[in-house]
Amino acid sequence: MPELPEVECLVRGLRQQVVGWHTQRVEFRRTDLREPLATAAIRAALCGHRLETIARRGKYLLLSRRDGQGVIAHLGMTGNLILSAQSEPLSKHTHVIFHLTRGRQQRALQFIDPRRFGRLAPLVAQTQHPWLQALGVEPLSHSGLARYLWQASRGRRVAIKNFLMNANIVVGIGNIYASESLHAACLHPCTAAGQLAYRDYQRLTRAIKKILRQAIAAGGTSWRDYRDVSGKPGYFALKLAVYGKQDQPCPRCQTPLSASKIGGRSTFFCSGCTKILPSH
DNA sequence: ACACGATCCTGACTGC
DNA sequence: TGCAGTCAGGATCGTG
């Protein structure tokens, strides 16, 4: 489910709802996620402490106390964090429950992940966590993104779509927003990243920022199973131009949209108003 | 260094 | 209704 906008919406929801709460206890129902959970260290990082900071880096969520210790989570393809009353029934795929208190109030923050591609680990110091070490730049806050991408892509023959989805270059752009951004910038997803000119990256960068911001403002994309922190769906799916819309008319030129696999992932584009640049 | 395919896992959906 | 096959929003690892 989650690309940058979904994680950002989750972070904003959590900031409002759990900052200032104390972790009373952490309950593990399954520990065999992508990596086995370090249960003792996760408990030690949170239990008895006040949640002070909720942050995002790429698609990673960081929940930490005042001294910076806490947990880092990645939601994989199907993960989510849902806040519920202590008494509400649990999902079949709730693997971890953070029992939170504030005074006499109680809440449960559930880590849910049917496919178990997600990750959860103790966080000692944010700047040193191995999962964050190789991450590329943040697309929304990097002011020279076009120049950075243009420079990073020189000599690269990989398809621009895969280049954009490489989190070591730029974080947060997943399969949906890669297709959407490229279409908005009139670029064909198969074009070699190194073939694009600086002006192409300027157009692409504007499209990426605009689409990510719109998606955040709309509450994230509700494709299949995305839910916000209180369990409500996002609404951006209504605004997608190409993703999942094979054979429907291109909103720009009316050509029926195409679908294909690029790097093993479903890709949607318009063969009418985007062209692969000839390589030379 | 780079490009690419396989892989982790469950659920939803399609077609027979 | 049941069953097999296919596909899914991510990231890592091994291979060439």
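Proteins get letters first, then strands, A, B, ... in listed order; numbering begins at 1 in each. Model, not experiment: these values are computed from the prediction.
Between Gln246(A) atom CD and dC7(C) atom P the separation is 11 Å, expressed in whole Å. For the pair Asn168(A) CG and dA1(B) C1', the computed distance is 13 Å after rounding to whole Å. Between Leu132(A) atom CG and dT12(C) atom P the separation is 11 Å, expressed in whole Å. Rounded to whole Å, the distance from CD1 on Ile169(A) to P on dC2(B) is 8 Å. Rounded to an integer number of Å, the gap from Tyr243(A) OH to dC7(C) P is 12 Å. Atom pair Asn80(A):CG and dG11(B):C1' shows a separation of 16 Å (rounding to whole Å applied). In this entry the distance linking CG of Asn162(A) with P of dT12(C) reads 15 Å, nearest Å. Straight-line distance from the CD1 atom of Ile112(A) to the C1' atom of dG11(B): 15 Å, rounded to whole Å.
One hydrophobic cluster, built from ILVMFWY side chains closer than 4.5 Å, holds both Val19(A) and Leu14(A).
As judged by a 4.0 angstrom heavy-atom cut-off over every strand, Arg156(A) is placed among residues touching the sugar-phosphate backbone only. The residue Gly264(A) sits apart from the nucleic acid: no heavy atom pair falls under 4.0 Å.
Here the side chain of Lys92(A) is nearest to one of dA11(C), dG11(B), dC7(C), namely dG11(B).
His93(A) has no side-chain polar atom (N or O) that falls below the 4.0 Å cut-off from OP1 or OP2 of dC9(B). For the pair Arg116(A) and dT10(B), the criterion of a side-chain N or O lying under 4.0 Å from OP1 or OP2 is met. Put simply, His74(A) has a side-chain N or O that comes within less than 4.0 Å of OP1 or OP2 on dA11(C). Contact annotation: Arg157(A) side-chain N/O to dC2(B) OP1/OP2 distance is not under 4.0 Å. Not one side-chain nitrogen or oxygen of Arg34(A) sits closer than 4.0 Å to the OP1 or OP2 atom of dT12(C).
Salt bridge present: Asp200(A) and Arg203(A) bring a charged side-chain N and a carboxylate O closer than 4.0 Å.
With the nearest nucleotide of DNA chain C identified for both Arg115(A) and Ala167(A), Arg115(A) has the one nearer the 5' end. Mapping Gly263(A) and Ala152(A) onto DNA chain B by nearest heavy atom places Ala152(A) closer to the 5' end of the strand.
In this model, no donor atom of one side chain and acceptor atom of the other lie less than 3.5 Å apart for Thr101(A) and Gln24(A).
Pairing for dG16(C) is with dC2(B), a Watson-Crick or G-U wobble pair whose two hydrogen-bonding atom distances lie under 3.5 Å.
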Check against side-chain hydrogen bond (donor to acceptor under 3.5 Å, both in side chains), Gln86(A) and His99(A): CA-CA 8 Å; Gln86(A) 201 77 325; His99(A) 294 277; 3.1 Å; yes

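For Phe117(A) and dA11(C), the ring-to-base geometry does not satisfy the stacking test (centroid distance below 5.5 Å, interplanar angle below 30°).
For the pair Arg147(A) and Tyr198(A), the cation sits on the ring face: its NZ or CZ lies under 6.0 Å from the ring centre, inside 45° of the axis.
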